[in-house]
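For reference, positions follow the sequence shown, starting with 1.
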Amino acid sequence: MSCFSGDPNFCAECGTILPLPGPKDTVTCVRCNFSVSVRDFAGHVITSSIVFNPVESSSIARESEDSELKGPVIDKRCSRCNKEGMVYHTRQMRSADEGQTVFYTCIHCRYQEKEDS
């Protein structure tokens with residue numbers, strides 16, 4: 001008895017995406033070895049699309065006359081003003097066998113935080 005039902009592109013036992021049908025008579029899940037007959041895929045049409053974000057909503061912070069914030073904006077909540085959106089950059093502050101330090105700057109209140117990774 002299967003746990004999942006619905007889209008035939010997913011394993012009915014564990015929910016993993018099934019590989020494309022090959023020359024064999026069955027499609028076997030790479031995670032749990034559940035097998036599905038290739039005949040179950042007959043008549044199914046698979047489509048895909050790519051959606052490009054407009055340039056105006058780019059994730060790179062914009063420069064303004066009074067702003068020196070440059071870099072990617074991420075969805076991290078500022079611990080001071082509690083708003084989403086921080087610019088970050090990284091530096092290797094410690095020895096090479098340790099992780100880098102990530103510096104975050106809030107795009108709203110300019111509060112700076114650091115995180116050792």
Side-chain angles (χ1 to χ4, degrees):
M1 180 167 191
S2 62
C3 300
F4 297 93
S5 64
D7 195 327
N9 295 316
F10 294 88
C11 176
E13 288 297 315
C14 69
T16 302
I17 296 175
L18 291 173
L20 293 173
K24 296 182 180 179
D25 292 337
T26 60
V27 175
T28 304
C29 176
V30 295
R31 183 168 181 231
C32 70
N33 292 326
F34 178 76
S35 292
V36 179
S37 173
V38 174
R39 291 183 194 93
D40 293 347
F41 294 95
H44 285 272
V45 177
I46 299 173
T47 59
S48 63
S49 62
I50 299 174
V51 177
F52 292 98
N53 295 329
V55 176
E56 297 81 37
S57 66
S58 170
S59 65
I60 296 177
R62 292 167 185 73
E63 284 186 60
S64 62
E65 292 95 36
D66 62 336
S67 173
E68 300 218 4
L69 296 177
K70 296 180 185 175
V73 177
I74 61 169
D75 294 331
K76 181 173 172 70
R77 192 170 296 279
C78 176
S79 60
R80 183 205 268 167
C81 70
N82 209 25
K83 293 183 181 177
E84 293 260 334
M86 296 187 91
V87 174
Y88 75 94
H89 69 278
T90 60
R91 284 232 166 110
Q92 187 68 40
M93 303 296 287
R94 297 167 286 160
S95 62
D97 64 337
E98 295 185 32
Q100 61 189 355
T101 303
V102 183
F103 295 91
Y104 298 100
T105 305
C106 177
I107 61 174
H108 304 284
C109 70
R110 308 297 168 106
Y111 180 70
Q112 294 182 343
E113 301 176 8
K114 78 171 192 164
E115 178 180 293
D116 295 322
S117 57

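Within 6.0 Å of atom CZ in R77, more than 12 heavy atoms from other residues, nucleotides or ligands are found, so the atom counts as buried in its surroundings. Heavy-atom neighbours of D116 CG from other residues, nucleotides or ligands within 6.0 Å: above the threshold of 12.
In this structure, M86 CE and E113 CD are separated by 4.0 Å, a value rounded to the nearest 0.5 Å.
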Worked check of side chain to side chain contact (heavy atoms under 4.5 Å, CB included) between L18 and N9
CA-CA 6 Å; L18 291 173; N9 295 316; 5.8 Å; no
Evaluation steps, side chain to side chain contact (heavy atoms under 4.5 Å, CB included), between K70 and V87
CA-CA 7 Å; K70 296 180 185 175; V87 174; over 6 Å; no
Might you work through the side chain to side chain contact (heavy atoms under 4.5 Å, CB included) test for F34 and C14, ending with a clear yes or no?
CA-CA 9 Å; F34 178 76; C14 69; over 6 Å; no
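A donor-acceptor pair under 3.5 Å is absent between the side-chain atoms of R110 and the main chain of T105, judged by distance alone. In this structure, the side chain of S37 engages the main chain of R39 through a donor-acceptor pair within 3.5 Å. No donor-acceptor pair closer than 3.5 Å links the side chain of E13 to the backbone N or O of C32.
When all heavy atoms of G85 and V73 are compared, the pair lying nearest together is CA-CG1, 4.0 Å. Residues T26 and S35 share a closest heavy-atom pair of CB-CB, 4.3 Å. Of all heavy-atom pairs spanning Q92 and E98, the tightest one is NE2-O, 3.0 Å. Residues C106 and L69 approach most closely at O-CD1, 4.0 Å, considering heavy atoms.
At a threshold of 4.5 Å between side-chain heavy atoms, the hydrophobic network of Ile, Leu, Val, Met, Phe, Trp and Tyr places V38 and V36 in one connected group.
Qualifying side chain to side chain donor-acceptor pair (under 3.5 Å) partners for T16, counting only residues two or more places apart in sequence or in other chains: none. Residues forming a side chain to side chain contact (heavy atoms under 4.5 Å, CB included) with K83 (at least two apart in sequence, or on another chain): C81, H108. Partners of R91 by side chain to side chain contact (heavy atoms under 4.5 Å, CB included), not counting sequence neighbours, listed by chain and number: H89, M93, F103.
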